[in-house]
Amino acid sequence: MYKLTKCLFPAAGYGTRFLPATKSVPKEMLPVLDKPLIHYGVEEAIDAGLNEINIILGRGKSAIEDYFDKNYELETELADKPKKLKLLDPINKLLARGTFTFRRQGAMLGLGDAIFKAKSMIGNEAFGVVLADDICDSQYFPSVMAQMVETYNKYQCSIVAIMEVPISKSESYGIIDGDEVEAGVYRVSKMIEKPKPSEAPTNLAIIGRYILNPDIFPMLAEIKAGAGSEIQITDALQKLAEQGKVIALKFKGKRYDCGSVEGYVEAINGFYNK
Ligand code: UTP
C-alpha cells in the first residue's frame, strides 16, 4: 500500500485558449470571483488530506509561486486596515495547512511529460493530480478528490474521475471503456485520447482529477508523443488499464471546464449565484 499525501498540479501549459490574457498572466491565476483558479484545486486537495502540494511550472508562471508564498510587504501595508487584511485569510489558511514545492517542466511536451517531470518530487508514492482549470464544486458531497481518495483506499489502483458528456464532444476528452464493478465505479479496459465520436467506445470522459500509483512512471517513460503531438497521460494509463490497474469513478458534483472561455464564464456565474 502506497502512501498518499502528495498532490501534483501540472501548470506549465501555455493556456492558448485565453490569449491574449495568458500572454503574461498564467491561466491558473485567472480569478473566479476573488480567488484564482488554482486556489480552488489546492483547497480541494488539502481538504482531501493531500497537503504536500507540488506544482509544475513553465516560463512566465512565477505569479503562481508568488501566490503560494507570504507577502510581508502587503501585510505590513494593510496592518492598520483589519478588514482588508482579513481578505488574505483564505490563502494564508491554505499556506498554513500545506507545503508547496515547485519545479519547471522545461519544454512543454504535454501533460504526460509534465507528470513524468515530477518523478523526483513524488518518489515511490501514490499521488493526486489536479488540473487547476477544472473546478469541481461538490456542494452537497465530499470534494471530488476526497471521493477519489475513498475509492483509492478501497481499490489501491490508479483512479481517474469521469463524467458523462455528449458523444459529439468526445474529441475534447480522454474517453474510457470498462466494466461497472459497483454503482459509478468502472474497471477500465480501454482509454482513448480525443477520439472521433464514431470511434468513442462510450460517453464517459476523463476530467482533470487523477490519483496515480508510482507504476505510472515506467509507463510514461515509454510513451511517445500521441494526440496533438503531446505526451499523453491517457496513453500511459492505457498500459496500466491493460493490466486491470485503472479504476474510473463517476464523481458526484459539478465540474466547470475553466480551460475554455465558455466554461470559465459558467463557473463565475455558478459561484456568484451560489
Ligand atoms: P491543456 O490541454 O488545457 O493545455 O493542459 P493548456 O496549455 O493549459 O491550455 P490551451 O489548451 O493551450 O488553452 C491541461 C493541463 O496540463 C498542463 C496545463 O497547464 C493544464 O493544467 N500542461 C499541459 C502542462 O503542465 N504541461 C504541458 O506541456 C501541457
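Counting starts at 1 for both ligands and their atoms, in listed order.
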**Prompt:** Listed by chain and number, what are the side-chain contact (heavy atoms from CB on, under 4.5 Å) partners of P195, not counting sequence neighbours?
**Reply:** S170, I175, I192, E199, A200

Looking only at N/O atoms, are [X] and ligand 1 under 3.5 Å apart anywhere?
X	result
A114	no
F18	no
A12	yes

**Request:** Could you tell me whether ligand 1 has any atom less than 4.0 Å away from a heavy atom of L109?
**Result:**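 The answer is yes: ligand 1 sits under 4.0 Å from a heavy atom of L109.
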
**Request:** Using non-hydrogen atoms of the residue, decide whether D113 is closer than 4.0 angstrom to ligand 1.
**Result:**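 No heavy atom of D113 comes that close to ligand 1.
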
**Asked** Could you go step by step and tell me if E43 and K93 meet the salt bridge (charged side-chain N to carboxylate O under 4.0 Å, His left out) rule?
**Response** CA-CA 10 Å; E43 191 167 33; K93 280 183 186 157; over 6 Å; no

Could you tell me which atoms of ligand 1, counted from 1 in the order shown, lie closer than 4.0 angstrom to a heavy atom of [X]?
X	result
Y14	7 (O)
M108	28 (O)
D133	3 (O)

**Request:** Determine yes or no for a side-chain-to-main-chain donor-acceptor pair under 3.5 angstrom, with K6 supplying the side chain and I122 the backbone.
**Result:** yes

**Request:** Would you tell me whether N213 and Y152 have side-chain atoms, one donor and one acceptor, within less than 3.5 Å of each other?
**Result:**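 Distance-only check passes for N213 and Y152.
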
**Request:** Assess the side chains of D215 and Q243: does a donor N or O sit below 3.5 Å from an acceptor N or O?
**Result:**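 Short answer, no.
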
Name the closest protein heavy atom to [atom], giving the residue it belongs to and the distance to 0.1 Å.
atom	answer
atom 12 (O) of ligand 1	T16 OG1, 2.5 Å
atom 28 (O) of ligand 1	G110 N, 2.8 Å
atom 16 (O) of ligand 1	L111 CD1, 3.6 Å
atom 14 (C) of ligand 1	L131 CD1, 4.1 Å

**Message:** Under the criterion salt bridge (charged side-chain N to carboxylate O under 4.0 Å, His left out), I'd like the reasoning laid out for E180 against K250: C-alpha separation, chi angles, the key distance, then a yes or no.
**Reply:** CA-CA 10 Å; E180 195 165 14; K250 209 193 268 182; 5.5 Å; no

**Message:** Taking I56 as the starting point, is it possible to reach L237 by hopping between hydrophobic residues whose side chains are less than 4.5 Å apart?
**Reply:**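 Result: yes, single cluster for both.
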
**Request:** Could you state whether V165 and Y210 fall into the same hydrophobic cluster, counting links through intermediate Ile, Leu, Val, Met, Phe, Trp or Tyr residues with side-chain heavy atoms under 4.5 angstrom apart?
**Result:**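 In one cluster with V165: Y210, no.
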
**Message:** My understanding is that we take every heavy atom of each candidate and find the minimum distance to atom 2 (O) of ligand 1. Doing that for K27, Q105, R17, which one comes out nearest?
**Reply:** R17

**Item:** For atom 20 (C) of ligand 1, the option (of G13, S172, P10, G41) bearing the nearest heavy atom
**Value:** P10

**Request:** Would you please classify the geometry between the F116 ring and the F217 ring as parallel, tilted or perpendicular, with 30° and 60° separating the classes?
**Result:**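 Because their plane-to-plane angle lies in the 30° to 60° range, the rings of F217 and F116 count as tilted.
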
**Contacts of K154 that satisfy salt bridge (charged side-chain N to carboxylate O under 4.0 Å, His left out) - sequence neighbours left out** =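 Only E182 meet the salt bridge (charged side-chain N to carboxylate O under 4.0 Å, His left out) criterion with K154.
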
**Prompt:** Can a protein heavy atom be found under 4.0 Å away from atom 9 (O) of ligand 1?
**Reply:** yes

**Item:** Region of A11 engaging ligand 1 - heavy atom pairs below 4.0 Å
**Value:** backbone

